[in-house]
Amino acid sequence: MASVSVSFIGGGAMAQAIAGGILESKTLGSESIHASATSNRFESWWTSRGMSFTIDNAECLNKSQVIVMAVKPHLYTEVFRRLADQGVKAENKLWVSIMAGVTLEDLQAAISTVTGGSGINDRVVRTIPNTPCKVGEGSVAVTYNMNCSQEDKVLVTKIFSGVARVTEIPERLQNAFAAMAGSGPAYIYQVIEGMADGGVMMGLPRALAVEHAAATVRGAATMVMQEKEKHSAQLKDEVCSPGGSTIRGVHKLEEGGVRVAFINAIQAACNRNEELGKK
Ligand SMILES: NC(=O)c1ccc[n+]([C@@H]2O[C@H](COP(=O)([O-])OP(=O)(O)OC[C@H]3O[C@@H](n4cnc5c(N)ncnc54)[C@H](OP(=O)(O)O)[C@@H]3O)[C@@H](O)[C@H]2O)c1
């Protein structure tokens, strides 16, 4: 992707996770990645890796054709208002939002303040990534508005596929995806912590317990992804020998409501995403 460059408006945790992953996967070189924020607190993170950083959003915007909106969701309208006040005109950009809960319609309206139209002609992409993008193991769902071309889709897929599994979904599923995969790493860290606590309780050293609890989660996930012909219940059954120890553990997890707890967690997070989207 020699001629493409990407500007991140907002240079915090998620922008760094994605930009770091893009660099690591060599999808783009550091000279093609730019970022802006309100303060210099993350400047050295960007510049020490050869990317440019500024506290001037307009300057950052002018450097690229692909603009990733990576500020907190409640701040983006203010970002566009200020750009419009500065007289910034940003035409022919591909706008990629990673902001949780912000709809394509709302994004288009905000973007139109710097593109001079009603927003209905701008190319806008709504995505929801997760933090494992930082280590090239992310999950990203994307929804394109009707102005995006096949070329735009290929480009966005290329940018994210260096760091994540990328899937196009209809916009109505974005909040559910965010609740499951966007928030999901937090749930799995709790699982790893709980497994390690169990190991420690039964005598394993903490560091060993954490390392192997995490490796077990990754190994089990890889089995689910690779042995696609098997339902996860079958993979579970294969670990449970009759009258053995694993089925005793599985019984305790069922008694604790483990599956219901996950379903409830994702339902609660999804409902919250819907609420936030209405504010
Ligand atoms: N974290 C996640 O797991 C996750 C997952 C999916 C989606 N997201 C989405 O990613 C977005 C960013 O989240 P985050 O966790 O990366 O937040 P963050 O670490 O707080 O970073 C936000 C960045 O936005 C900058 N910013 C604030 N106001 C700005 C403005 N007016 N102009 C330019 N930059 C501005 C901040 O600047 P300063 O550095 O100067 O404060 C900071 O660099 C959010 O919309 C969130 O919904 C996050």
Side-chain angles (χ1 to χ4, degrees), residues 6-22 33-47 49 51-64 67-86 88 90 95-104 106-107 110-111 113-114 124-135 137-143 160 163-167 169 173-190 265-266 269-270 272-277 279:
V6 177
S7 287
F8 289 84
I9 306 295
M14 204 59 218
Q16 290 173 21
I18 297 169
I22 292 173
I33 305 178
H34 314 281
S36 61
T38 46
S39 72
N40 289 317
R41 69 183 169 125
F42 294 127
E43 179 170 8
S44 66
W45 187 91
W46 293 91
T47 54
R49 289 163 177 79
M51 297 174 275
S52 83
F53 180 90
T54 170
I55 52 168
D56 180 349
N57 286 340
E59 181 191 329
C60 185
L61 203 66
N62 283 334
K63 286 192 162 141
S64 302
I67 311 298
V68 180
M69 292 303 302
V71 300
K72 292 286 187 195
H74 66 282
L75 294 174
Y76 79 99
T77 46
E78 175 64 10
V79 169
F80 282 105
R81 198 187 57 73
R82 289 210 178 163
L83 288 169
D85 287 351
Q86 287 173 261
V88 169
W95 301 91
V96 181
S97 164
I98 65 164
M99 301 179 296
V102 181
T103 64
L104 282 172
D106 288 346
L107 273 168
I111 289 166
T113 58
V114 294
V124 186
V125 190
R126 176 178 173 184
T127 76
I128 183 77
N130 63 10
T131 49
C133 285
K134 196 173 183 175
V135 293
E137 296 279 351
S139 279
V140 177
V142 293
T143 304
F160 281 113
V163 297
R165 177 171 297 266
V166 189
T167 303
I169 59 171
L173 297 182
Q174 281 275 350
N175 286 336
F177 188 91
M180 189 196 72
S183 305
Y187 314 148
I188 300 304
Y189 299 140
Q190 283 185 287
I266 291 164
C270 185
R272 180 64 180 146
N273 288 335
E274 310 261 324
E275 260 172 43
L276 290 171
K279 281 183 184 165

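Both ligands and their constituent atoms are indexed starting at 1 by order of listing. Only heavy atoms go into these numbers, but all of them, side chains included; no hydrogens, no water, no symmetry mates. Along the sequence shown, the residues carry numbers beginning at 1.
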Check your understanding: By ring-ring contact (aromatic ring centres under 6.0 Å, His included), which residues pair with Phe80, not counting sequence neighbours?
Key -> Trp95
Practice item. Check the side chains of Glu59 and Ser36 for a donor-acceptor pair under 3.5 angstrom, ignoring hydrogens and angles. Key: no
Review point. Would Phe53 and Trp45 count as a close aromatic pair, with their ring centres under 6.0 Å?
Key: no
Point to revise | Residues in contact with ligand 1, criterion: heavy atom under 4.0 Å | key: Gly10, Gly11, Gly12, Ala13, Met14, Ser36, Ala37, Thr38, Ser39, Arg41, Phe42, Asn57, Ala70, Val71, Lys72, Pro73, Leu75, Val79, Ile98, Met99, Ala100, Ile128, Pro129, Thr131
Practice item. Quick one: list whatever passes salt bridge (Lys or Arg N to Asp or Glu O under 4.0 Å) with Arg82, sequence neighbours left out. Key: Glu78
Exercise for review: State which residues pass salt bridge (Lys or Arg N to Asp or Glu O under 4.0 Å) with Lys134; sequence neighbours excluded, sorted by chain then number.
Suggested key: none
Check your understanding: Under the side chain to side chain contact (heavy atoms under 4.5 Å, CB included) criterion, do Phe42 and Gln16 qualify, and how do the steps go?
Key -> CA-CA 9 Å; Phe42 294 127; Gln16 290 173 21; 3.2 Å; yes
